[in-house]
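In listed order, ligands and their atoms are each counted from 1. When reading the values below, keep in mind they use all heavy atoms of this one structure, side chains included, and skip hydrogens, waters and symmetry mates.
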Amino acid sequence: LLDITDKKNTEEELREINKKLESALEEQKDLQRQKDDFLGIASHELKTPVTSLKAYTQVLQKILQKKGDLKEAEMMRKMDAQLNRLTNLIGDLLDVTKMNSGRIEFNSAHFDFDEMLRSVIEELQRTSEKHRIIEHLGEVGFVTADRERIGQVMTNLISNAIKYSPNHSEIKVSSEIREEEVLVCVEDKGIGIPQDKLQKVFEQFYRVSGQMQHTFPGLGLGLYISAEIIKREGGRLWVNSREGEGSTFCFTLPLKR
Ligand code: ADP
């Protein structure tokens, strides 16, 4: 921007450039704020009708089932599953806007870590018949953190492992205590991540291109949110991966019993 060896650049000129830079930076921040505000309002407004749609489909599904209209009941179940996806996407958008504005709240409590892990795995195994989730769970016991938020991280990591690996492949979830920390890893034999993208996947809205986005739907927010949650809880989240071979996402949590 500025050649400091050029003697023609007087102090006055320097001040002028500085001012311009500051105002460009302010403008940039303002745009970011506007984007966050818009995302926050839009996702909040979307949430209400989707919640009510979900309630209606569930009632209708029960009525149809009782009447013996099983085909129609199955359609309602599928509709409900799609509404769940929508609810999760809206939830991610809301989380990101809360994180960006520092308004996200954490409810720390004492909870049974092993029970939480098992219930997340059970739920995901129930809805993903084409993958087998293998548990290598050690005894972690009780920890102090936001149970729901840690569950959200687990759901994100296992859902990604399922999404980015071929049908009938195995996903390994392991947990243990190592050096006064909880260590959890999710390993898949999927498409993997190129070495130069290993850090980028934790950025907001980032998705590795060339991975056939249509085949793998998503907004590119899950890992950003997960990394923020783990950071807030005092841990680390990282990935090891080889393209075409698979990925292993791991995180630690301090043992605050
Ligand atoms: P999304 O899956 O919605 O795109 P994420 O933030 O969860 O968003 O992930 C960001 C990107 O990281 C994904 O788009 C994908 O390119 C890559 N990625 C995440 N998990 C995996 C995985 N287990 N295997 C391969 N690529 C992954």
Side-chain angles (χ1 to χ4, degrees), residues 35-36 39 42-43 46 50 81-100 104 117 120-121 123-125 127-128 130-136 148-175 183-233 235-252:
K35 193 186 90 187
D36 285 341
L39 272 182
S43 37
L46 284 168
V50 172
Q82 291 303 319
L83 285 171
N84 278 344
R85 269 186 61 191
L86 200 54
T87 309
N88 289 338
L89 288 175
I90 294 170
D92 278 357
L93 283 173
L94 271 173
D95 278 349
V96 165
T97 51
K98 279 188 208 153
M99 279 166 175
N100 288 350
I104 193 153
L117 264 189
V120 171
I121 293 172
E123 171 64 15
L124 287 170
Q125 184 65 87
T127 49
S128 330
K130 297 195 175 109
H131 290 83
R132 202 154 78 88
I133 307 175
I134 303 185
E135 298 177 13
H136 282 243
E148 208 173 307
R149 290 287 177 197
I150 302 297
Q152 184 180 356
V153 173
M154 282 316 300
T155 303
N156 277 340
L157 296 184
I158 302 175
S159 304
N160 276 351
I162 292 170
K163 184 158 79 173
Y164 298 105
S165 56
N167 285 344
H168 311 296
S169 63
E170 286 180 351
I171 286 141
K172 194 169 104 186
V173 181
S174 63
S175 65
L183 172 68
V184 182
C185 293
V186 178
E187 185 183 335
D188 68 58
K189 300 263 174 289
I191 58 174
I193 300 166
Q195 292 302 303
D196 59 330
K197 303 290 174 350
L198 286 180
Q199 281 313 309
K200 286 191 101 51
V201 294
F202 296 103
E203 289 173 12
Q204 250 180 85
F205 296 111
Y206 183 82
R207 312 196 70 210
V208 178
S209 58
Q211 281 183 324
M212 299 172 289
Q213 259 85 349
H214 312 292
T215 328
F216 308 112
L219 286 177
L221 291 178
L223 287 179
Y224 170 74
I225 293 170
S226 301
E228 282 293 312
I229 292 173
I230 295 299
K231 198 163 81 185
R232 284 277 304 251
E233 293 286 11
R236 289 164 291 124
L237 169 64
W238 69 94
V239 59
N240 286 314
S241 184
R242 259 178 203 284
E243 224 181 332
E245 289 181 24
S247 315
T248 305
F249 282 85
C250 295
F251 70 83
T252 59

*asked:* Using a 4.0 Å heavy-atom cut-off, which part of F216 comes near ligand 1: side chain, backbone, both, or neither?
replied: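 Answer for F216: neither.
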Any N/O of [X] closer than 3.5 Å to an N/O of ligand 1?
{"X": "I193", "answer": "no"}
{"X": "L223", "answer": "yes"}
{"X": "Y224", "answer": "no"}
{"X": "L219", "answer": "yes"}
{"X": "Y206", "answer": "no"}

Could you establish whether [X] and ligand 1 come within less than 4.0 Å of each other, counting only heavy atoms on the residue side?
{"X": "G190", "result": "no"}
{"X": "K163", "result": "yes"}
{"X": "F249", "result": "yes"}

Spell out, as yes or no, whether a donor-acceptor pair under 3.5 Å connects the side chain of [X] to the backbone of [Y].
{"X": "H131", "Y": "A161", "answer": "no"}
{"X": "T248", "Y": "V186", "answer": "no"}
{"X": "E233", "Y": "E228", "answer": "no"}

Atom CD of E203: over 12 foreign heavy atoms under 6.0 Å =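 Yes.
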For residues 183-198, the salt bridge (charged side-chain N to carboxylate O under 4.0 Å, His left out) pairs (sequence neighbours left out) are K172-E187, E187-K189
Quick note, salt bridge (charged side-chain N to carboxylate O under 4.0 Å, His left out) partners involving residues 157-169, not counting sequence neighbours, are none
Would you please test I193 and Y164 for side chain to side chain contact (heavy atoms under 4.5 Å, CB included) and show each step?
CA-CA 10 Å; I193 300 166; Y164 298 105; over 6 Å; no
Assess the residue pair N156 and L223 against the criterion (side chain to side chain contact (heavy atoms under 4.5 Å, CB included)); give the C-alpha distance rounded to whole Å, side-chain angles, the decisive distance to 0.1 Å, and a yes or no. CA-CA 7 Å; N156 277 340; L223 287 179; 5.8 Å; no
One finds that the ligand 1 atoms under 4.0 Å from a non-hydrogen atom of L221 are 6 (O), 8 (O)
If we number the atoms of ligand 1 from 1 as shown, the ones under 4.0 Å from a heavy atom of R207 are 1 (P), 4 (O), 14 (O)
- Message: Going by side chain to side chain contact (heavy atoms under 4.5 Å, CB included), S43 matches just one of L89, I90, D92. Which one?
- Response: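 Exactly one option meets the side chain to side chain contact (heavy atoms under 4.5 Å, CB included) with S43, and it is I90.
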Of V201, L89, N156, the residue with the heavy atom nearest atom 12 (O) of ligand 1 is V201
Note: heavy atom closest to atom 8 (O) of ligand 1, options S209, G218, G220, S165, belongs to G220
